[in-house]
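Read the structure below first, then the notes.
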Amino acid sequence: MAKQNVSEQFVDILVRAGVKRMYGVVGDSLNPVVDAIRRNRAIDWIQVRHEETAAFAAGAEAQITGSLAACAGSCGPGNLHLINGLYDAHRSMAPVLALASHIPSSEIGLGYFQETHPELIFQDCSHYNEMISNPQQMPRLLQTAIQHAIGRGGVSVVTMPGDIASQPAPEKSIEHALVTSRPTVRPGDEEIDKLCRMVDEAKRVTLFCGSGTAGAHAEVMEFAERVKSPVGHALRGKEWIQYDNPYDVGMSGLLGYGAAYEATNECDLLILLGTDFPYNAFLPSDVKIVQVDVRPEHLGRRSKLDLAVWGDVRETLRCLTPQVKVKTDRKFLDRMLKKHADALEGVVKAYTRKVEKHVPIHPEYVASVLDELADDDAVFTVDTGMCNVWAARYLSPNGKRRVIGSFSHGSMANALPQAIGAQFTDRSRQVVSMSGDGGFTMLMGDFLTLVQYDLPVKVVLFNNSSLSMVELEMLVAGLPSFGTSNKNPDFAAVARACGAYGVRVEKPKQLEGALKDAFKHKGPALVDVVTDPNALSIPPKISAEMVTGFALSASKIVLDGGVGRMVQMARSNLRNVPRP
């Protein structure tokens, strides 16, 4: 049997860790690793057009599967392109292994062609970031990097010079058993007892949920029923907690809607469950706050805590719920449910009158129709900006759908690359990229990746020829919009020129048929929808206080722009509310 080189050993370890593909762009120092992948049937090399796409795609794959994903960039400029997507994966807690190949080891530190210092550059967007300086290091260093990415949830970066990658692998390398899943963490009895006492003493309890409630829907609902608690959520908690939720009071934050803000500020005890919600201005300062999180570094960094609980949300509630006393007073819960339903119904009217005739098309209408037509288990990837607003307002979670976006890092151009990673995990599952024209054009070259691999991603392009979220930011700051307009082509024609299905929609009556046809198409498709650039820039009601920046009252009114099917759910939840 031929002796392995370091690259082959590197790839074998990735395969043992469950990696099924590596995204990247080939080149010089990376070539030995790509060649090792070519000869290994257990892993695929996915050629993208930009390394930033590679990192975004790997991050999305990791979020969909919960398993380790991988990406790579060649020396210098190649791996530098990874950095934005790696920041996003790291802040999304997606387990990603990034290979930053490097210049020849003998030339490091001498100003060689394309020399950079990856061990410094990637330090801020990784849990582990080390360079392999000799073949003896490689197995243990890569295994350590994998354990960091999976165990801590985030990015590990391994830098490897091209000449090291081509050298013979060590004869007797140690193969450790690899950890490929994370354990659950149970709080101590003392913390559970303290939390139990606080819940029992409070008359009005509110739960505010983030992405840490994934897998804990049943436990959250059981606890909410026991203590008669309204349940609000952050954007990243929406897909996990909003569906089948009779206690739902909506979302808080800059994109907030409904009664979530009131519920979190008018309670006696606010329990933050698995959320690292960044906008502390929306959190109360005069109520008791408990935070439950599996990552202790998140505890207390957004608000003053009366109790910090280090633990997995599901395990914490399993311990806590049987111990707390059953509350019978529903007055606070019912009042918040009614306020939530009234708030949703009020804003719906402003954006649903005669939308079928409005030209340019209301983007709210596009999102609403998309929500109705998409599969029950569709994966939506959502561009940062106004597409975040449409996703927050109109996509209806059901426990099977997924919504992936740059919700923590807030990067442009994330939706198309993330759709690539999501689609590779399952070609038969519907993947829809909700792209803005600004984000789409930033990494538009990787639309060709869809065509090259015949990935059936459906790109729904909200084309308003502007950076409309930035325009909104300027509006509420009292500034005139500047530098926000885009001169766009006919994107459907561009899609067809690339070899994909493309259709342009300029009138509302064309929309439903265009989406249905695109969804039926077996390959990649793009629906270029010309939407109203003034949507949300001029809200139905405006006051002088709004033009002061993203203050609480301003942002709530400016961004109240329709809520799709959520109003029906909110009204149905009121059926159990006693009438006076």
Side-chain angles (χ1 to χ4, degrees), residues 199 202-210 213 220-221 223-225 227-235 237-238 241-242 245-273 275 277-291 302-304 306 327 329-350 389 392-393 539-541 543 545-546 548 550-564 566-574 576-580:
V199 172
K203 291 184 178 180
R204 301 182 300 276
V205 179
T206 292
L207 307 182
F208 186 68
C209 303
T213 57
V220 173
M221 296 303 108
F223 182 74
E225 168 56 32
V227 301
K228 307 302 182 286
S229 168
V231 179
H233 58 268
L235 179 55
K238 175 184 171 75
I241 216 68
Q242 188 189 38
N245 181 357
Y247 318 99
D248 178 50
V249 291
M251 190 171 82
S252 193
L254 295 179
L255 309 184
Y257 56 81
Y261 177 77
E262 289 82 356
T264 56
N265 280 265
E266 295 179 23
C267 60
D268 298 323
L269 176 65
L270 174 61
I271 303 179
L272 307 175
L273 294 176
T275 180
F277 180 71
Y279 304 110
N280 55 12
F282 288 85
L283 295 174
S285 58
D286 56 351
V287 304
K288 290 184 177 180
I289 301 179
V290 173
Q291 185 177 0
R302 306 301 184 198
S303 64
K304 180 184 73 67
D306 294 275
K327 296 186 187 295
D329 186 350
R330 287 181 55 104
K331 291 179 182 177
F332 177 62
L333 171 60
D334 292 342
R335 181 163 62 86
M336 291 299 112
L337 289 176
K338 186 175 188 308
K339 183 170 287 191
H340 176 61
D342 290 344
L344 296 193
E345 204 159 75
V347 298
V348 164
K349 294 175 183 176
V389 180
R393 299 268 187 280
K541 181 181 179 182
S543 64
E545 290 79 11
M546 289 184 194
T548 60
F550 275 112
L552 297 183
S553 60
S555 61
K556 286 174 63 186
I557 299 175
V558 169
L559 292 172
D560 272 345
V563 286
M566 285 183 278
V567 69
Q568 287 97 357
M569 184 178 71
R571 280 299 172 197
S572 68
N573 287 343
L574 286 181
N576 296 323
V577 177
R579 299 300 186 211

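Atom CZ of Phe208 sits about 13.5 Å away from atom CD1 of Ile271, to the nearest 0.5 Å. To the nearest 0.5 Å, atom CD of residue Glu262 and atom SG of residue Cys267 are 12.0 Å apart. Rounded to the nearest 0.5 Å, atoms OG (Ser252) and CG (Asn265) are 7.5 Å apart.
No side-chain donor-acceptor contact under 3.5 Å links Lys238 to the backbone of Met251. With hydrogens and angles disregarded, a donor-acceptor distance shorter than 3.5 Å links the side chain of His233 to the backbone of Gly250. When atom types are taken as modelled, the side chain of Thr206 and the backbone of Ala263 share a donor-acceptor pair closer than 3.5 angstrom.
For Val287 against Asp306, the heavy-atom pair with the smallest separation is O-OD2, 4.0 Å.
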Applying side-chain contact (heavy atoms from CB on, under 4.5 Å), run through Glu266 and Met336 and close with a yes or a no.
CA-CA 10 Å; Glu266 295 179 23; Met336 291 299 112; 3.5 Å; yes
Audit row: Tyr247, Leu207, side-chain contact (heavy atoms from CB on, under 4.5 Å) steps and yes/no:
CA-CA 10 Å; Tyr247 318 99; Leu207 307 182; over 6 Å; no
List the steps, then state whether side-chain contact (heavy atoms from CB on, under 4.5 Å) holds for Asp248 with His340.
CA-CA 8 Å; Asp248 178 50; His340 176 61; 3.7 Å; yes
Test log, rule salt bridge (charged side-chain N to carboxylate O under 4.0 Å, His left out), inputs Asp342 and Lys338:
CA-CA 6 Å; Asp342 290 344; Lys338 186 175 188 308; 3.0 Å; yes
Please report the C-alpha distance between Leu272 and Leu283 in whole Å, then the side-chain angles of each, then the deciding distance to 0.1 Å, and finally whether the side-chain contact (heavy atoms from CB on, under 4.5 Å) criterion is met.
CA-CA 10 Å; Leu272 307 175; Leu283 295 174; 4.3 Å; yes
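Taking the side chain to side chain donor-acceptor pair (under 3.5 Å) definition, one finds that Asp268 meets it with Arg204, sequence neighbours left out.
Of the residues Lys327, Lys288, Lys228, the one that meets the side-chain contact (heavy atoms from CB on, under 4.5 Å) test with Val205 is Lys327.
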